[in-house]
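In what follows, a single structure is set out as structure tokens and then discussed.
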Amino acid sequence: MNKFKFKFDFIVLFALCLLYLKYIPIWTNEWFNFDSFYSFFPFLIIFGFQFFKKKAKKLKKTEKNPTNWGLLPLITGVLIYYTGIKADIDLLIGLSLPLFLSGTVLFLYGKRTFMIVMPVIILFSLSLPIIPIFRLTTPLQIFLADVAAQILHFLNINAYALGSNIFIDKYQVTIEAGCTGVKSLSSLMIVIFLLFYFKNISVLKKFLIVLFSFAISFVGNIIRILLINFYIIYNGIKDSEAFHYNSGLGIFVISLLIILVINEFIEEDKIVEEYKIA
Amino acid sequence: MKLKDISIILMTLGFATIVSSFLDFYTYMYPVAIKNPEWVFDVSQRIADTTLLPVLGILIFLLGLNFSNFRRNKIITTSAKVVFGSLCVLFFSFLSLNTILYGISMKSVQNTKIQALKAENNNSKERINTVYNQNKKDIPVEEYNIAMKQLNDNLIYQINYLNLIHTKINIKTLLTLLLFSFVYLIAAIKIFSLDKLLQKRRTLLR
């Protein structure tokens with residue numbers, strides 16, 4: 001029976017690969033393109049590897065109780081996939097994949113195994129390059145341009161914002177979708193997830209860290225926009241594109257280092273608590 | 001004299017060092033003229049020269065705290081840990097950003113100075129030309145050519161010298177800022193894990 005199921009897993013995987021064969025090259029391109037919002041995928045591979053390494057024993061011990069409830073997401077997935085194919089909507093086709101995965105796990109292994117592997121399925125679903133993130137960033141672009149212009153004004157620099165444009169003296173800086181920080185935020189969130197998921201700290205603390213990383217990413221992005229503006233004020237528009245790219249990496253590293261320091265603080269709390277118990 | 005007696009002196013000294021370093025930073029920065037790259041260039045160098053003071057102050061204060069009876073007071077030690085740890089994180093962010101700002105201002109400052117040298121050189125050339133045109137009969141062409149060559153050589157020498165000086169200053173300042181930003185990062189980690197270190201010490205003493 002086990003042998004049959006083992007083979008059956010591969011049949012399901014093969015079927016899924018066939019269903020999404022057309023999208024695999026497009027998704028792979030997005031996953032491994034550093035300039036893309038979904039470039040956090042390599043981190044996800046590390047997370048998946050670490051996850052199954054840590055949970056291997058637990059998964060083996062978990063009793064298999066296949067449930068027919070798995071058919072519900074499976075059938076819904078098929079319907080969404082069929083609608084997506086007929087209507088030629090990539091979003092629907094992409095959305096059907098998490099449903100297929102969830103349904104397969106529920107149908108073959110049951111609820112307990114599904115609850116264990118749920119973080120991997122959720123993260124994998126989020127990594128599917130189907131959501132048009134850049135269409136959703138316009139309000140953020142306008143807000144960031146306004147905030148940056150106000151800070152520059154506070155620093156005695158003649159700057160004002162119009163829409164997503166900042167005007168400084170004779171220069172015009174446009175806050176594009178990529179400048180809103182959604183790309184660095186996605187990578188930062190996944191790295192934080194990687195760092196803190198396996199830590200033995202309370203869920204509340206994990207939640208606070210995620211909130212903190214949101215705040216730090218937002219502030220870091222405003223600082224990045226200001227730095228680009230200063231670069232243009234000091235050196236002109238020439239080479240500012242290269243600086244724009246490198247400053248993103250720099251701010252990402254600084255944000256990550258700050259979160260690592262916070263990690264030390266959290267670890268410390270845990271040790272003190274252990275010491276108190278002892 | 002016991003260690004406990006000097007603890008209060010150490011704590012006061014540490015606190016005074018931190019406050020004085022803040023005042024120093026304030027005087028360097030005020031009035032803020034961040035639009036001017038030369039201001040960023042000068043202020044960053046001054047900050048790089050005095051960036052040791054706050055971390056030194058924090059260390060002296062924590063040393064004093066460790067010798068004093070306050071170390072047994074959980075509220076005081078936790079507050080000190082949070083305040084100084086956060087201060088170190090702030091300094092780390094500040095110095096990292098200062099490094100980037102210095103990096104983007106240095107090229108502009110150097111170019112401005114080179115342009116000033118060239119303008120001065122052109123001015124001298126124009127003056128020589130005027131004198132030469134007025135007294136063409138009395139001044140031989142060779143002498144005029146020699147003067148022009150000297151001016152050109154002088155300009156090249158001055159630019160090379162300026163580049164050399166700037167390279168030295170830039171390397172020194174950038175390295176100091178970068179190094180100290182990491183010093184503050186490590187200090188923050190160490191301060192936040194102060195109890196861990198103390199616990200290790202207790203275990204060793206047992």
Side-chain angles (χ1 to χ4, degrees), chain A residues 151-159 168-169 171 212 215-216 219-220 222-236 238-240 242-244 246-276 278, chain B residues 29-41 44 74 77-78 81-82 84-112 178 181-182 184-200 202-203:
Chain A
I151 295 172
L152 286 172
H153 200 74
F154 177 74
L155 293 167
N156 280 333
I157 294 168
N158 188 21
I168 317 157
D169 295 337
Y171 302 113
F212 182 73
I216 216 164
V219 173
I222 291 173
I223 290 170
R224 185 189 172 201
I225 292 167
L226 289 174
L227 284 174
I228 295 162
N229 287 334
F230 286 130
Y231 183 91
I232 291 168
I233 292 168
Y234 299 159
N235 303 302
K238 198 186 160 197
D239 295 336
S240 60
F243 177 73
H244 166 261
N246 294 333
S247 64
L249 282 174
I251 295 292
F252 176 76
V253 171
I254 293 171
S255 311
L256 198 62
L257 285 172
I258 290 173
I259 287 164
L260 283 174
V261 177
I262 304 300
N263 172 36
E264 277 299 314
F265 189 51
I266 287 160
E267 287 265 287
E268 176 54 22
D269 272 9
K270 200 183 102 193
I271 283 166
V272 172
E273 275 162 23
E274 279 170 5
Y275 187 72
K276 270 182 192 170
Chain B
M29 287 188 193
Y30 195 80
V32 178
I34 203 162
K35 196 181 176 183
N36 184 3
E38 278 174 30
W39 178 84
V40 177
F41 190 76
S44 302
K74 185 80 185 130
T77 49
T78 312
K81 205 174 76 174
V82 172
F84 292 124
S86 310
L87 206 64
C88 285
V89 173
L90 277 177
F91 265 103
F92 161 71
S93 319
F94 171 71
L95 290 178
S96 309
L97 292 176
N98 202 348
T99 313
I100 301 173
L101 264 181
Y102 183 82
I104 59 177
S105 73
M106 63 188 192
K107 199 177 151 190
S108 168
V109 172
Q110 201 169 342
N111 282 343
T112 313
L178 207 65
S181 68
F182 280 107
Y184 279 99
L185 182 76
I186 293 163
I189 293 171
K190 290 288 169 199
I191 290 168
F192 277 142
S193 54
L194 215 58
D195 285 347
K196 206 190 285 179
L197 292 173
L198 289 172
Q199 197 185 344
K200 267 185 194 170
R202 276 185 218 120
T203 321

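Below, chain A is the first sequence line, B the second, and so on; all start at residue 1.
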Using side chain to side chain contact (heavy atoms under 4.5 Å, CB included), reason through B:V89 and A:L257 one step at a time and then give a plain yes or no. CA-CA 9 Å; B:V89 173; A:L257 285 172; over 6 Å; no

I need the residue from A:N235, A:N158, A:N246 with the largest number of non-hydrogen atom pairs under 4.5 Å to chain B. A:N235

Is it the case that more than 12 heavy atoms not belonging to B:F182 sit under 6.0 Å from its CZ atom? no

In this structure, CD1 of A:I254 is separated from OG1 of B:T99 (nearest 0.5 Å) by 8.0 Å

From CD1 (A:I216) to OG (B:S93), nearest 0.5 Å: 7.0 Å

Can you say whether A:I233 sits under 4.5 Å from chain B via the side chain, the backbone, both, or neither, judging by heavy atoms? side chain

Do A:V261 and B:Y184 have side chains that get closer than 4.5 Å, going by heavy atoms? no

How about A:I258 and B:L90: do any of their side-chain heavy atoms sit closer than 4.5 Å? no

Could you tell me which portion of A:L152 (side chain, backbone, both or neither) has an atom closer than 4.5 angstrom to a non-hydrogen atom of chain B? neither

Name each donor-acceptor pair under 3.5 Å that joins a side chain in residues 33-41 of chain B to protein atoms two or more places apart or in another chain, with its distance.
| residue | atom | partner | partner atom | Å |
| --- | --- | --- | --- | --- |
| B:K35 | NZ | A:D169 | OD1 | 3.4 |
| B:K35 | NZ | A:D169 | OD2 | 3.0 |
| B:N36 | OD1 | B:E38 | N | 3.1 |
| B:W39 | NE1 | B:P31 | O | 3.4 |

Under 3.5 Å, sequence neighbours excluded: what are the donor-acceptor pairs made by side chains of residues 102-109 of chain B?
| residue | atom | partner | partner atom | Å |
| --- | --- | --- | --- | --- |
| B:Y102 | OH | B:N170 | OD1 | 2.8 |
| B:S105 | OG | B:L101 | O | 3.4 |
| B:S105 | OG | B:Y102 | O | 3.1 |
| B:S108 | OG | A:Y234 | O | 3.1 |

Just wondering, do B:V32 and A:L155 contact through their side chains at under 4.5 Å, heavy atoms? yes

Could you look at A:I168 and say if it's the side chain, the backbone, both or neither that has a heavy atom under 4.5 Å from chain B? neither

